[in-house]
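Comments concern the structure below.
Only a predicted model underlies this, so the values are computations on that prediction, with no experimental measurement involved.
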Amino acid sequence: MLRIENLHVRAGNRDILRGVNLSIDIGQVHAIMGPNGSGKSTLARVLAGHPEYAVTGGTVAYRGQDLLAMDPEMRAREGVFMAFQYPVEIPGVNNAYFLKSALNALRKHRGEEELDAMDFMTLVRDRMKWLDMDETLLNRAVNEGFSGGEKKRNEIFQMAVLEPALAILDETDSGLDIDALRIVARGVNAMRGPDRAILLVTHYQRLLNYIVPDVVHVLTDGRIVRSGGKELALELEEKGYVWLEQAV
Amino acid sequence: MSTSTQVVQDLARREYKYGFITDVEQDIVPRGLSEDVVRLISQKKNEPAWLLDWRLKAYRIWRTMKEPTWANIKYGPIDYQNMIYYAAPKRRPSLESLDEVDPEIRRTFDKLGIPLEEQKLLSGVAVDAVFDSVSVATTFKAKLYELGIIFCSFSDAVQNHPELVRKYLGTVVPYSDNFFASLNSAVFSDGSFAYIPKGVRCPMELSTYFRINARETGQFERTLIIAEDGASVSYLEGCTAPMRDENQLHAAVVELIALDDATIKYSTVQNWYPGDAEGRGGIYNFVTKRGKCLGVNSKITWTQVETGSAITWKYPGCILQGDHSVGEFYSVATTNNWQQADTGTKMIHLGRHTKSTIVSKGISAGHGQNTYRGLVKIAKDAGGARNYSQCDSLLIGDQCGAHTFPYLDIKSSTARVEHEASTSRIGEDQIFYCRQRGLSTEDAINVIVSGFCKEVFRQLPMEFAVEAQKLLSITLEGSVG
């Protein structure tokens, strides 16, 4: 469903991705690991269409379409979701209202009727249970004054409501304590299924104890230097990234 | 240029949808201002001698005054002798029947979404419609009168309730108050009048809709609202004007009087023509609004959403004279393209344990310049007075400006005054976050801005809050430069 070929990306005057190749089939969970500054988050953000980056080469096909030619909102409406590493605060905007607007934007794009408040709340309450979320979070402003853990949980909650075809989780585990990590993993696992692909971007193997990936890739210095099964993550944990960097 | 910037710029070029002109035969007085013109206006309105006298005093003092220059706004000289001070549709409707409104004018208000037939109106709102210099219709008058509430045009009040007008006119904004208020006092033509008797809670929203239509004409309306002991009323005004290349002057005066335990809530949604994207045309909006909390425990709340006008200069204030009286000011002021706003409030604490709250939200986009100017004055005898002020500015793009001038004049040692201020910019990150969730850039900006204004919109009556939010999104379109 996602095919990235020889992707080159630049931010400012620095080349960050230098020829990334990656294919993800529907139903799969892939993890991208790598040291700080390797370009993992850049890859996630480029797939979501962040305006800060310039794609200088390569192609990304998503369900047969040229993903890079699409506006960020069009990617979202076509089913691409990114859980942000640093979720943005939008003061004064009700969290539930925001999510309802987002959901209805997607539904409208798919030619479906907009959900009314009642149906929306039914859906939302169900998804909140997955994530042990406090219902008061719904009535607070989007991410405003949320703790780090609450913000991450809110991202996964949004994902659970929006039901994307391709979910990209950008370092969702960073800043989570072990209990929060378990809850977030439970939410993600509940989302696993034959009609969805998930791309986990993470620095640590820890997350992968809870969300077991089908494929693990190691990104170093803007390129994928090794791909393998879930064992690769354990090997990395033991030997560190230096092991691979030396191998390159 | 990022795509979001492009989208925003395209949005900005959207047209002002109230810019049409109504073709109706006008009764106008000769251009320019003189004692004769003042007399002529008074005569046309069949006014009593005391009122003409009051106008003339205002005119004479105005001639000695200079246009104020302290505001943070720039505009070319206004030629007061090249302006028309009175324009009225020729067919003056009878005051008794809405059916006699000129069909052309009725159509105008229909187009503006203000049908003048009572059965078509929101049942909870009574409307006084002011077209150029005169009130053309007031709905639900009879129904309100059953409760002893007087809601009519200012001219009608002068004819039918002269004792009330005479008792209160100029007691909050004297004819010598300031350049624009004095000008208004000399030539004001119409406006709304509301009187809520003792102990009555007005069962519906009172509303005045001001429409400027005539060319090269100033609009000088005057509104007077009196709430007797224990009375309460919520009042809303809306304004639009045609698109014209020349600037037009609007200099209004509003006076509110709240007696013991009375409550007045005054809301404004101001959408005068703001001029085009190059800054041509637009209304110069120089307005003096003031309320007096005369009685103990009285309360006056000003809520304003200022999206229109080339220039906005207004400081709706409260004189908190009665002990335990409360003044509130909630404001959203938006400037886009070349609009300029210098607006804020004055809270004058005279009584003991008086309280005031100021929440001001300024939004600047394009080349817009937005200034908050507010005075909190606490007199020596106003023991236990409290004020809370919050001024937030939001910038969209990098060619606009936000300015804040808070003035504090505190004479009482037991006063408590708090002031918070912030300035922020709509971040690309916020917009991207919204877009990643499927919202267009336009919707993203609307969502962010409405969140920013929430505390103020919450103060507006429900229907108008929705309207205000829509208006804001239209005004802001095309804003990142």
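Ring geometry, Y433(B) versus F98(A): the interplanar angle falls under 30°, so the pair is classed parallel (tilted spans 30 to 60°). Using cut-offs of 30° and 60° for the angle between ring planes, the H50(A) and Y53(A) rings count as perpendicular.
Proximity to chain B is absent for every atom of N104(A), based on heavy atoms less than 4.5 angstrom apart. Looking at I90(A), the atoms closer than 4.5 Å to chain B (heavy atoms on both sides) sit in the backbone and in the side chain alike. Heavy atoms of C453(B) lying under 4.5 Å from chain A are absent altogether. Contacts between A141(A) and chain B at a heavy-atom distance below 4.5 Å are absent for every atom of the residue. Residue contact with chain B, scored on non-hydrogen atoms closer than 4.5 Å, is absent for E52(A).
The pair E89(A)-K151(A) counts as a salt bridge, with a side-chain nitrogen and a carboxylate oxygen less than 4.0 angstrom apart.
Centroid-to-centroid, the aromatic rings of F457(B) and F452(B) stay 6.0 Å apart or farther.
When each of A444(B), G438(B), S440(B) is scored by its heavy-atom pairs under 4.5 Å with chain A, the top score falls to G438(B).
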Inset, instruction - Go through the steps to decide whether F329(B) and W302(B) satisfy the test ring pair (Phe, Tyr, Trp, His ring centres under 6.0 Å), and finish with yes or no. - result: CA-CA 5 Å; F329(B) 173 77; W302(B) 296 101; 8.2 Å; no
